[in-house]
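Just follow the structure's listing: the first ligand is 1, and inside any ligand the first atom is 1.
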Amino acid sequence: MVDGRLEVKPHPDDPDPNQIIDNFPAALRHRARITHPMVRKGWLENGPGPDQMRGRDEFVSVSWETALDLLAAELRRVRDVAGPGGIFGGSYGWASAGRFHHAQSQIHRFLTIACGGYVGSVTSYSSGASQVLIPHIMGDYEGLTKRNVTWEQVAEHTDIVLAFGGMALKNAMVAGGGVSRHVERGAMQQAADRGCEFVLASPLRADLPDEVGATWLPCVPGSDTALMMALVHTLVVEERHDRAFLDRYTTGWPIFERYLLGETDGLPKDAEWAAPITGIAAADIVSLARRLAGKRSLMVVAHALQRAEHGEQPVWMGMVLSAALGQIGLPGGGYAYALGAIAYYGRRTNDVPIPTFPQCRNPIRDYIPVARIADMLLHPGETYRFNGETRTYPTIKLVYWAGGNPFHHHQDLNRLRQALAKLDTMVVHESAWTATARHADIVLPATMTLERQDIGASSNDPLLIPMHAVANPHGQARDDYAIFADLSERLGAGQAFTEGRTVREWLVHLYEPTRQALAENGLPAPNFDAFFESEGLVLPQKPDDGGYLRAFREAPDTHPLTTPSGRLEIYSQTIASFGEADCPGHPTWLGQPYVPSAETPYVLISNQPRTRLHSQLDFGDHSAAAKHHGREVLTMNPQDAAKDGISEGDILKLSNARGACLATVRLSEGIRGGVVQLPTGAWYDPEDPREEKPLCVHGNPNVLTRDIGTSALAQGCTGQLTTVRIERFNNPLPKLRAFEPPEEFLTPSER
Ligand SMILES: Nc1nc2c(c(=O)[nH]1)N[C@H]1C(S)=C(S)[C@@H](COP(=O)(O)OP(=O)(O)OC[C@H]3O[C@@H](n4cnc5c(=O)[nH]c(N)nc54)[C@H](O)[C@@H]3O)O[C@H]1N2
Ligand SMILES: Nc1nc2c(c(=O)[nH]1)N[C@H]1C(S)=C(S)[C@@H](COP(=O)(O)OP(=O)(O)OC[C@H]3O[C@@H](n4cnc5c(=O)[nH]c(N)nc54)[C@H](O)[C@@H]3O)O[C@H]1N2
Ligand SMILES: [Mo]
């Protein structure tokens with residue numbers, strides 16, 4: 001703190017600091033922060049039950065005592081009438097960097113210990129399709145993303161990088177648990193200086209940094225599988241594919257090859273076939289295939305590609321392309337799925353455990369694939385397919401959220417509002433008035449990272465960071481831990497939840513396994529106090545050994561993959577056995593799900609925001625500075641704009657059958673024609689919340705996206721792409737209220 005004002009600085013050793021941290025100073029005491037426990041008026045007056053007023057009602061400020069008494073009684077009621085299986089505690093979200101105050105761990109531990117469990121969720125919004133697919137076809141998902149080709153290897157060994165969806169520097173600014181050094185720009189620059197060629201297949205040129213001088217293939221969104229097939233087709237017909245690799249390390253190639261060559265369906269997947277689908281000239285595809293062959297090539301597939309309908313296909317086909325090139329398992333070569341998407345990829349892994357708050361084993365075995373929440377609430381008791389099983393949606397009475405923002409992460413927000421109306425009760429811990437908080441019945445103000453002590457750590461970053469409280473809690477905000485401790489007390493499980501420890505005592509306790517492992521390895525192992533007073537502790541890391549793919553390449557018989565065949569599965573017997581309707585048994589072009597029409601002529605990309613982490617601190621200075629008239633900025637190609645009579649800076653209305661939002665427009669030659677891009681993260685701000693499909697006046701793309709799974713195999717989120725209509729908005733600009741606690745929210749003393 002300097003003169004009472006918070007100053008934030010990057011780590012002194014960071015070669016390429018990010019500016020997202022500039023959101024902190026203004027956010028700390030912003031009026032969007034929640035100051036008191038609040039209860040929705042209708043819930044307070046009428047008690048729990050389905051209510052269309054959720055998100056449309058007023059709030060009443062209550063004391064902590066009252067809020068916790070009401071909530072404990074409601075949790076007891078739900079547990080008694082529905083059992084813990086009536087509570088949804090999936091509570092998906094990134095929360096904050098500290099490992100003790102990690103909200104997901106806190107809420108899961110609380111629900112397990114004090115409520116007897118909860119219905120949870122599996123997989124993530126990040127990689128819902130690949131997390132289910134990869135174990136069937138390659139093996140361990142974590143190992144593939146976190147212990148595979150590193151930036152060090154790229155800098156030193158790679159000859160050609162083909163990145164589908166790119167490796168945008170904006171994305172590697174962040175990592176769960178924190179990141180001490182941003183190495184991505186330097187590593188790519190070093191590779192380029194050495195002569196490594198970079199090729200970007202993406203509708204957005206900014207998906208690779210200018211420094212690497214990439215060849216840009218501005219492909220049609222959703223068409224990557226076809227592009228990859230045409231590359232492999234070219235390799236095969238020109239006999240440039242690595243037959244020996246395919247024979248030794250893969251299974252099912254002959255089945256796939258027949259499909260590829262058109263022997264099964266009469267349709268060769270060649271460059272001529274792919275050109276109109278992908279928007280990339282056949283000659284360019286053929287030339288690229290030739291440049292890839294016989295070199296240390298690295299295929300990168302961004303998470304984004306699988307956050308779309310049929311999202312499994314490009315991930316699987318990316319593996320097949322890499323296998324056909326024969327470089328998997330070599331330094332700097334093969335398949336680096338999701339490299340660059342988050343700063344904990346492409347790094348070495350730590351060789352000692354990092355602190356983890358124990359969640360305890362949830363006795364309720366029921367769960368949903370995380371992105372199916374609205375389906376679950378709208379269709380209790382109905383069946384759905386997931387990873388080869390037919391499952392039944394549970395009947396949920398109460399939803400409890402801490403550390404996530406479904407009004408950021410979920411698709412088709414107007415449908416989500418309908419789903420939430422079905423609940424008896426919705427509880428949210430939040431530090432700010434997100435739309436999720438506004439749709440809750442009980443809102444409990446939570447502290448921010450800057451207001452509490454913690455330990456920052458990530459399994460792929462060597463720096464263990466003491467996190468000191470630099471400010472007092474805002475208003476009456478409390479730590480999630482303190483809230484859950486008091487609730488546990490009321491539910492007769494106080495001691496079991498806290499184990500009698502204060503926050504400081506927990507930090508000491510959680511630090512101990514790391515300290516012990518350091519001591520056992522004969523390394524400096526400072527006690528907790530010494531660590532906490534230090535600038536941070538550098539942890540030992542495993543060698544850059546290429547992980548399980550390297551081991552498999554070197555000795556496939558003694559280090560088989562964990563797939564059923566022990567090999568890379570180009571054809572998966574397991575997936576085929578689930579049935580064609582779930583997912584075909586090998587990568588297949590299933591058609592383009594995002595076809596522009598007269599009604600919705602543009603394909604919308606809603607990707608990760610450059611100026612913030614998801615929706616977090618959207619009210620901070622750095623995020624605010626990038627908006628225009630307070631609205632999120634849409635990027636559009638100048639030719640498209642001219643055709644539609646749109647000029648730079650205009651206010652636009654984006655709409656489709658699901659909803660509508662406003663945005664301002666920036667014109668750029670760096671985006672493919674027919675495609676527009678609006679980042680995620682602007683807070684949902686309905687012009688008239690009473691309407692069924694109100695206009696979001698701020699620019700949240702999830703009012704437009706479709707709430708449907710990637711496939712019946714993985715049921716992943718499909719938020720990245722949709723189709724929209726765009727027109728100039730000529731009405732007076734509606735007022736922004738996303739960051740205003742409406743007057744009704746004020747306590748009598750504040751009025
Ligand atoms: N259209 C579209 N949608 C997408 C995506 C996309 O590409 N396109 N991407 C998806 C992806 S990859 C992801 S990971 C999700 C991200 O979705 P989320 O992780 O849900 O998004 P965040 O904004 O990080 O939400 C975290 C919330 O937790 C709160 N919080 C932070 N720390 C604490 C704490 O200590 N305690 C409590 N109680 N609260 C805290 C923050 O204020 C914030 O509101 O979005 C997904 N949604
Ligand atoms: N600054 C910042 N960084 C972040 C995050 C954040 O919120 N802010 N979130 C983090 C999280 S949780 C995650 S999971 C990762 C997500 O990592 P990704 O999902 O990979 O990131 P996105 O930015 O959503 O998408 C990357 C790019 O893919 C391109 N793309 C979209 N659709 C297609 C397609 O069909 N084909 C091709 N070839 N390209 C396509 C888009 O142009 C987009 O810019 O990012 C992480 N990094
Ligand atoms: Mo994510």
Side-chain angles (χ1 to χ4, degrees), residues 18 20 91-98 101-104 106-107 124-128 163-176 200-207 217-225 227 278 301-308 311 314 338 340-343 345 371 401-411 428-432 434-437 444-449 452 454 479-481 483 594 603-618 671-672 675 677-681 683 700-702 704-705 717-722:
N18 91 62
I20 293 179
S91 185
Y92 180 81
W94 263 52
S96 306
H101 294 289
H102 180 237
Q104 306 317 329
Q106 291 283 348
I107 189 174
S124 65
Y125 279 75
S126 311
S127 49
F164 296 90
M167 300 186 278
L169 289 180
K170 71 173 173 67
N171 284 358
M173 286 182 201
V174 305
L200 168 67
S202 175
L204 278 192
R205 191 164 55 198
D207 284 337
L217 302 178
C219 57
V220 170
S223 73
D224 303 82
T225 304
L227 180 55
T278 60
V301 168
H303 278 323
L305 272 66
Q306 51 90 67
R307 214 174 298 116
I342 306 183
Y345 299 148
W401 227 285
N405 184 2
F407 277 84
H408 168 75
H409 63 236
H410 198 62
Q411 286 55 65
V428 174
H429 296 190
E430 250 301 347
S431 53
T434 60
T436 302
L444 303 178
T447 48
M448 281 176 39
T449 298
R452 57 200 186 203
D454 213 326
D479 295 350
D480 295 299
Y481 176 67
I483 301 171
Y594 303 101
V603 178
L604 173 72
I605 293 181
S606 64
N607 59 352
Q608 313 302 313
R610 181 175 51 81
T611 57
R612 56 193 170 248
L613 172 65
H614 312 136
S615 68
Q616 298 199 34
L617 312 183
D618 185 30
I671 187 164
R672 183 188 164 80
V675 179
Q677 175 256 341
L678 182 68
T680 58
W683 287 13
N700 183 328
N702 275 327
L704 303 163
T705 52
C717 132
T718 56
Q720 182 81 195
L721 299 175
T722 193

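Remark: ligand 1 and G719 share an N or O pair separated by less than 3.5 Å (distance only, no angle test). Between H409 and ligand 1, at least one N/O pair is under 3.5 Å apart. Below 3.5 Å of separation, one finds an N or O of N171 facing an N or O of ligand 2. Where the criterion is an N or O separation shorter than 3.5 Å, residue side chain and backbone included, S615 meets it with respect to ligand 1. Among the atoms of G222, some N or O lies under 3.5 angstrom from an N or O of ligand 2. Between N405 and ligand 1, at least one N/O pair is under 3.5 Å apart. Looking at R307 next to ligand 1, an N or O pair under 3.5 Å apart turns up.
Partners of H303 by side-chain hydrogen bond (donor to acceptor under 3.5 Å, both in side chains), not counting sequence neighbours, listed by chain and number: Y337, Y345. Among residues two or more places apart in sequence or in another chain, the ring-ring contact (aromatic ring centres under 6.0 Å, His included) test is passed with Y92 by Y125, H409.
When the heavy atoms of R452, M448, H429 are ranked by distance to atom 35 (O) of ligand 1, first place goes to R452. With atom 26 (C) of ligand 2 as the reference point, the heavy atom nearest to it among S127, A304, G340 is part of A304. Distances from atom 37 (C) of ligand 2 to the heavy atoms of L200, I342, T611, D224 put D224 nearest. If you check each of K170, M173, Q608 against atom 3 (N) of ligand 2, the one with the closest non-hydrogen atom is K170. Remark: among candidates H614, Q411, H102, H303, the nearest residue to atom 16 (C) of ligand 1 is H614, based on non-hydrogen atoms. The option with the heavy atom closest to atom 41 (C) of ligand 2, from among T225, L169, D207, is D207. Considering each of S91, C717, S606, the one bringing a non-hydrogen atom nearest atom 8 (N) of ligand 1 is S606.
Counting atoms of ligand 1 from 1 in the listed order, those under 4.0 Å from a heavy atom of Y92 are 14 (S). Of all the atoms in ligand 2, the ones that sit under 4.0 Å from a non-hydrogen atom of N607 are 22 (P), 23 (O), 24 (O), 25 (O), 43 (C), 44 (O). If you number the atoms of ligand 1 from 1 as listed, the ones under 4.0 Å from a heavy atom of S96 come out as 31 (C), 32 (N), 33 (C), 35 (O). The contact set between ligand 1 and A446, taken as ligand atoms under 4.0 Å from a residue heavy atom, comprises 38 (N). Interface of L204 with ligand 2, defined as ligand atoms under 4.0 Å from a residue heavy atom, comprises 42 (O), 44 (O). The C219 neighbourhood of ligand 2 comprises atoms 38 (N), with distances under 4.0 Å to a heavy atom of that residue. For ligand 2 and I20, the ligand atoms under 4.0 Å from any heavy atom of the residue are 1 (N). Residue P203 approaches ligand 2 through these ligand atoms, each under 4.0 Å from one of its heavy atoms: 37 (C), 39 (N), 40 (C). Below 4.0 Å from some heavy atom of T434 lie the following atoms of ligand 1, by number and element: 44 (O). Near S431, with a cut-off below 4.0 Å to any heavy atom, the atoms of ligand 1 are 42 (O). The ligand atoms of ligand 2 that sit less than 4.0 angstrom from a heavy atom of L721 are 32 (N), 35 (O). When each atom of ligand 1 is checked for a heavy atom of T680 under 4.0 Å away, the hits are 1 (N), 2 (C), 3 (N), 6 (C), 8 (N).
Under a 3.5 Å cut-off, the side chain of Q616 and the backbone N or O of A95 do form a donor-acceptor pair. No donor-acceptor distance shorter than 3.5 angstrom exists from the side chain of T705 to the backbone of T718, with no hydrogens or angles considered. Under the 3.5 Å distance criterion, the side-chain polar atoms of Q104 are matched with a main-chain donor or acceptor of S91. For the pair S202 (side chain) and L204 (backbone), a donor-acceptor distance under 3.5 Å is present. Side-chain atoms of W683 come within 3.5 Å of backbone atoms of S615 as a donor-acceptor pair (strictly under, hydrogens ignored). Panel note: side chain R452, backbone T447; a donor-acceptor pair is recorded below 3.5 Å.
Ligand 2 does not have Q677 within reach: every non-hydrogen atom of the residue lies 4.0 Å or more from it. Not a single heavy atom of A432 lies less than 4.0 angstrom from ligand 1. Residue S202 places a heavy atom under 4.0 Å from ligand 2. Ligand 1 lies out of reach of P701, whose nearest heavy atom is not under 4.0 Å from it. Put simply, no part of W401 is less than 4.0 Å from ligand 1, judged by heavy atoms.
The protein heavy-atom contact nearest to atom 19 (O) of ligand 1 is W94 N, 2.8 Å. Taking atom 36 (N) of ligand 1 as the reference point, the nearest protein heavy-atom neighbour is D480 OD2, 2.6 Å. Closest protein heavy atom to atom 28 (O) of ligand 1: G403 C, 3.1 Å. Nearest protein heavy-atom neighbour of atom 2 (C) of ligand 2: P609 O, 3.2 Å. The shortest contact between atom 27 (C) of ligand 2 and any protein heavy atom is with G165 O, 3.4 Å. Ranking protein heavy atoms by distance to atom 1 (N) of ligand 1, first place goes to N702 OD1, 2.7 Å. Looking at atom 30 (N) of ligand 2, its nearest protein heavy atom turns out to be Q720 OE1, 4.1 Å. Atom 24 (O) of ligand 1 has as its closest protein heavy atom Q616 NE2, 2.7 Å. Nearest protein heavy-atom contact of atom 33 (C) of ligand 2 is L305 CD1, 4.2 Å. In this structure, the protein non-hydrogen atom closest to atom 13 (C) of ligand 1 is Y125 CB, 3.8 Å. The protein heavy-atom contact nearest to atom 4 (C) of ligand 2 is V174 CG2, 3.4 Å. Regarding atom 43 (C) of ligand 1, its nearest protein heavy-atom neighbour is E430 OE2, 3.3 Å.
For the pair N607/K170, a side-chain contact is recorded, criterion being any heavy-atom separation below 4.5 Å from C-beta on. Side-chain contact between D480 and H101 is absent, with no heavy atoms from C-beta onward closer than 4.5 Å. Residues E430 and T436 have side chains not in contact (no heavy-atom distance under 4.5 Å, counting atoms from C-beta outward).
Distance check: I605 CD1 to D207 CG gives 7.5 Å after rounding to the nearest 0.5 Å. To the nearest 0.5 angstrom, I483 atom CD1 is 10.5 Å from I107 atom CD1.
For C219 against D224, the heavy-atom pair with the smallest separation is SG-OD2, 4.0 Å.
Sparse packing is recorded around CZ of R610, with 12 or fewer heavy atoms of other residues, nucleotides or ligands lying under 6.0 Å away.
Under 4.0 Å from ligand 1, heavy atoms of S126 appear from its side chain as well as its backbone. Counting heavy atoms closer than 4.0 Å to ligand 1, residue H410 contributes nothing at all. In A341, the parts holding a heavy atom less than 4.0 Å from any atom of ligand 2 are both the side chain and the backbone.
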